[in-house]
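The sequence lines fix the lettering, A, B, ..., with proteins before strands; numbering per chain opens at 1.
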Amino acid sequence: MAIHSNELTERDLKLLKLLLDFGVVSSVQLSKWIFPKVARTTVLRRLRLLEKRGMIRKRGTLPDATAVWMIDQKGQRLIAGMTENLYFPAHQLEHEITLNEIRWRLHGLGVVQSWMNERELRRKAPDRNGFERENLAIPDAVILMKHFGRPEAFVRMEVELNIKSNERYKRLFQRVDPYSQGARAWLWYLVKNRSMGNRILRYAKKHGDYSLPPILGFTVIDDFLTDPWSAEFHQLEKATALTTIMKLSRPESAVKNTHAHASAQAMSTEGLNENNVFAA
DNA sequence: GCTATAACTCGCTTGCAAGT
DNA sequence: ACTTGCAAGCGAGTTATAGC
């Protein structure tokens, strides 16, 4: 493992791939996912080194001062063979970091077949006139799940940390969405608390076009992150365990282990999609 | 109440000794 | 030669306290 100082390690490459795929990732997340069992000081030192070499860049900080990183020009050229202007608004960093956490957890559960983030969705959105484009309701992610209510289900995911105005929900549920995949698509809100989710459900019922209904429901973010096995998928008239929706059976080993450990294990054994960063 | 300042918190950085 | 972890310290933000 003798590595000359200006060479990149396997771990560095894994980190760069993760940043390219996820967009922005916090120091804490990089610590958990790329540097398990490595002291935080060492992690931060490595990040600074990669920053100095133009591989990564500090994008900003979270309210608790945790740094948030993105890939820089050199890193992009190395991993993607091209550069692209990546833009992550400062006020959305917390949202992105939360979305990452949910995504990582879902991958860890082995339920994700493929994941398309908002950036990719926008890029592939039909480029008609400006109005159409602006009027598309692009979700935070479109996920092809192994099972979600039925096998091979498309799920549009929205992570909602702050409740939007009633007017915005009204417009949102009336909009055309080219990614709805017809009547069989699910719309899954991950919300801060129950009252937020209920309000969204009520507005969807009031303003949505239910002649072609997406199957709409929400899960409370903290419930899902602390224990996915006891989290629920809330709909207007009922709540179903996520384990039922996703056909998930709790592995014996995961009961004893910490969540981080459990996800890391699942991650390394579960072969995931394309150019994935999850492969060991 | 209001303001000034001390005490504390938290993520990050740095120096140093030890490990590979 | 380079990486790692510990301990101490820094800076910015927050909370507690003292004096008016």
Reference residue A/Arg103; test side chain to side chain donor-acceptor pair (under 3.5 Å); the match among A/Asn117, A/Asp21, A/Asp140: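 When side chain to side chain donor-acceptor pair (under 3.5 Å) is applied between A/Arg103 and each of A/Asn117, A/Asp21, A/Asp140, only A/Asp21 qualifies.
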
task: Would you mind telling me which of A/His147, A/Gln113, A/Lys146 makes a side chain to side chain donor-acceptor pair (under 3.5 Å) with A/Glu152?
output: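 Only match with A/Glu152 under side chain to side chain donor-acceptor pair (under 3.5 Å): A/Gln113.
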
Between side-chain atoms of residues 80-87 of chain A and protein atoms elsewhere (two or more places apart, or another chain), which donor-acceptor pairs fall under 3.5 Å?
residue : atom : partner  : partner atom : Å
A/Glu84 : OE1  : A/Arg123 : NH1          : 3.4
A/Glu84 : OE2  : A/Arg123 : NH1          : 2.7

Is [X] near enough to [N] that one of its side-chain N or O atoms lies under 4.0 angstrom from OP1 or OP2?
X	N	value
A/Arg40	B/dT13	no
A/Lys58	B/dT13	yes
A/Arg45	B/dC16	no
A/Thr42	C/dT3	no

message: Base, sugar-phosphate or nothing for A/Val28? Non-hydrogen atoms, less than 4.0 Å.
response: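 Counting heavy atoms under 4.0 Å across all strands, no contact is made by A/Val28.
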
- request: Answer with base, sugar-phosphate or nothing: what part of the nucleic acid does A/Ser27 contact at a heavy-atom distance below 4.0 Å?
  value: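 Sugar-phosphate: the residue A/Ser27, judged by heavy atoms under 4.0 Å, touches backbone atoms but no base.
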
Value in whole Å for how far the [atom2] atom of [N] lies from [atom1] of [X]:
X	N	atom1	atom2	result
A/Leu44	C/dG5	CG	P	12 Å
A/Glu10	C/dT3	CD	P	15 Å
A/Leu8	C/dT3	CG	C1'	15 Å
A/Lys52	B/dT14	NZ	P	10 Å
A/Lys37	C/dC6	NZ	C1'	19 Å
A/Gln29	B/dG11	CD	P	14 Å
A/Arg46	C/dT4	CZ	P	7 Å
A/Glu51	B/dT13	CD	C1'	13 Å

query: What about the rings of A/Phe233 and A/Phe148, do their centers lie closer together than 6.0 Å?
result: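 Distance test on ring centres: under 6.0 Å, yes.
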
field: Within 45° cone of A/Phe35 ring axis and under 6.0 Å: A/Arg11 NZ or CZ
entry: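 Pair A/Arg11/A/Phe35 does not count as cation-pi.
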
Side chain of A/Arg48 - closest among B/dT13, B/dC12, C/dT4: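 Closest of the options to the side chain of A/Arg48: B/dT13.
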
- request: State which residues pass side-chain contact (heavy atoms from CB on, under 4.5 Å) with A/Ala67; sequence neighbours excluded, sorted by chain then number.
  value: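 For A/Ala67 the side-chain contact (heavy atoms from CB on, under 4.5 Å) partners, ignoring immediate neighbours, are A/Ser27, A/Lys58, A/Trp69.
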
Can you give me the N/O atom pairs linking the protein to nucleotides 7-15 of chain C at distances under 3.5 Å, or say none if there are none?
none

- request: May I ask you to decide whether A/Arg46 forms a salt bridge with A/Asp12, counting only side-chain N to carboxylate O separations under 4.0 Å?
  value: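 Answer for the salt bridge query: yes.
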
